[in-house]
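Below is one structure, written out as structure tokens, with a few remarks after it.
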Amino acid sequence: MQQEPTKGISGRLPARLWAVLTVAVVALVVVIATTEKRTEPGASYKLDLKPFTKVDDKDVAFRQTARFALNLDDPSALAVADSGTVYVAGKDAVLLLDAEGHETARHAVKGTPDAMAVAPDGRILLGMRNHVELLDATGKLLAAWKDLGERGYITSIAANADNVFVADAGNRVVMRYDYGGNVLNEMGQRDLKREFEGFVVPSPYFDAAFDQSGELWIVNPGRHGLENHRPTGELVSSWYKPGMDLYSFCGCCNPTHIAFRSDGSVVTAEKGINRVKVYAPDNTLIGVVATPDDLHAPSDENDSHSPVKDLAVDKKDRILILVGPMKAILVYEPKTPGDRKP
Amino acid sequence: MSKENKLGRRDFIRAAAAVAAGGGAWMVSHPNEQAFGWQLDPRKCQQCGRCATSCVLSPSAVKCVHAFEMCGYCDLCGGYLQPGAKAQDSGAENELCPVAALKRTYVEAPFYQYTINADLCIGCGKCVKGCNAFGNGSLQLQVKQELCVHCNDCSIARDCPAQAYQRVPIAKAYMLKTLEKGSEPTK
């Protein structure tokens, strides 16, 4: 007797039902794959800084006219000599550039200077973390001054014919030296009788610069402003602008860098909201120089360091911005009426 | 083999029990030496908020941790105050933390100390983002190992857009950014 072959499950179910089952399984997989995503965290769980970084074009008073690319690692400090030569310090070198950004000389140094100034006679002063190194105009090391201790962190140097002012963010003081490396006095001690609480320096950003008339201005970053001090340390005047708007200095400690133009206006750089602005001598905002977009530094990056490593104003009154990640100096000049958008 | 040298059943059981007891004692004295857990690298963290919402625990096992040695003790603290806060005080309308887990204590003019109430913290990272953007980055998110249930497939790690999560030995489970030599903030 011949036995009937056993039918498998595929043989027992009609083809149409198979097709329906297949479509159902595929649909289920697609639905799971597209919907098994967690919802985005709500707005109360996120800090959005983008609204604060927007700059209206009418507030931008300067335009970029040149960009000097640097053949230098870790560019960290910038200075303009009385001769007009632009000095840039970085890893193991100091570059000399002409007004068009062409490299004319290069001095080898050991390490990466955090700060730099050029004396009127061409000598170069480098802030090497906790001590100053003095180089002659050819780049030869003349002297290494006594260090400022383990906490010392030199972030700025301002030098005139007689004095060298060294801003030490670690010890929150400005030291006044002569060119022999002797300390003449220390500035920044708390003096509550004169309602001066000292320099508030929460992070390694602490700048000092001379204005067009040779007056010394020191940033008090935790106070969000600038202070004019006599060389002997007395506070002469000050202005502070804490706040998040365009007219103020944002965050815990700004401005990070300053430089003065020939008309007495002051150029300021900020971190947090990375931007460069210019204020008139009466402390009113003239306008924005570089926006966060210009600096390629949106404020939502996980980085508490400023992309702007230093500022300077050259002999043509152009604003020079040293941008570390770009390895470049951005050159800005005032907009002309034709540059402004309607 | 002579009869005297033969290991009896009782001797064998005693020896095995001694080995087991010794091994147990060693394990107790070296807890979790080879165990691994989840931790997030604060250098990669983008403070997207998912640590608060993706953890299987509620509130999350991720908490804000403060590296005090990096803190500037700022009055205008970007991690504590809302951007554009009308006043620099502890008014609820000025605080950035949605659950008021960050506490501000006056030290001396103009310095304040900031501490985290871990029981309240939900690990959203808003304060971390503010501190990173405007301060020194001393506020950082970390997986609290005593709270973490050590899922094999961490649901936050799966959702993390920065791929900041990694397996680390429990004995060295924390990855805070610090001011150690070589890792100091630079200009």
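Proteins come first, then strands; the chains are lettered A, B, ... in the order of their sequence lines, and each starts at number 1.
- Closest heavy-atom contact between A:P41 and B:T53: CG-OG1, 3.7 Å.
- Taking 4.5 Å as the limit, every side-chain heavy atom of B:F134 sits out of range of all side-chain heavy atoms of A:N254.
- Contact tally against chain A (heavy-atom pairs below 4.5 Å) for B:G84, B:P83, B:G78: the top residue is B:P83.
- In terms of non-hydrogen atom pairs under 4.5 Å with chain A, the most contact-rich of B:C77, B:G123, B:C124 is B:C124.
- Only the backbone of B:C48 comes within contact range of chain A, with heavy atoms under 4.5 Å apart.
- The two residues A:L47 and B:K126 come nearest to each other via the heavy atoms CD2-O, 3.7 Å.
- Nearest heavy atoms, B:N136 versus A:P202: ND2-O, 2.8 Å.
- More than 12 heavy atoms of other residues, nucleotides or ligands lie within 6.0 Å of CZ in B:F68, so this atom counts as buried by the packing criterion.
- If you measure heavy-atom distances from B:L81 to chain A, you find no contacts under 4.5 Å at all.
- For chain A, the nearby part of B:C74 is the side chain; its heavy atoms alone come within less than 4.5 Å.
- Heavy-atom minimum distance, A:Y45 versus B:P98: CD2-CG, 4.4 Å.
- Other residues, nucleotides and ligands place no more than 12 heavy atoms under 6.0 Å from the CZ atom of A:R151.
- Here the shortest heavy-atom pairing between B:G135 and A:C252 reads CA-SG, 3.7 Å.
- The 12-atom threshold is exceeded at CD of B:E93, counting heavy atoms of other residues, nucleotides or ligands nearer than 6.0 Å.
- More than 12 heavy atoms of other residues, nucleotides or ligands shown are found within 6.0 angstrom of OH on B:Y174.
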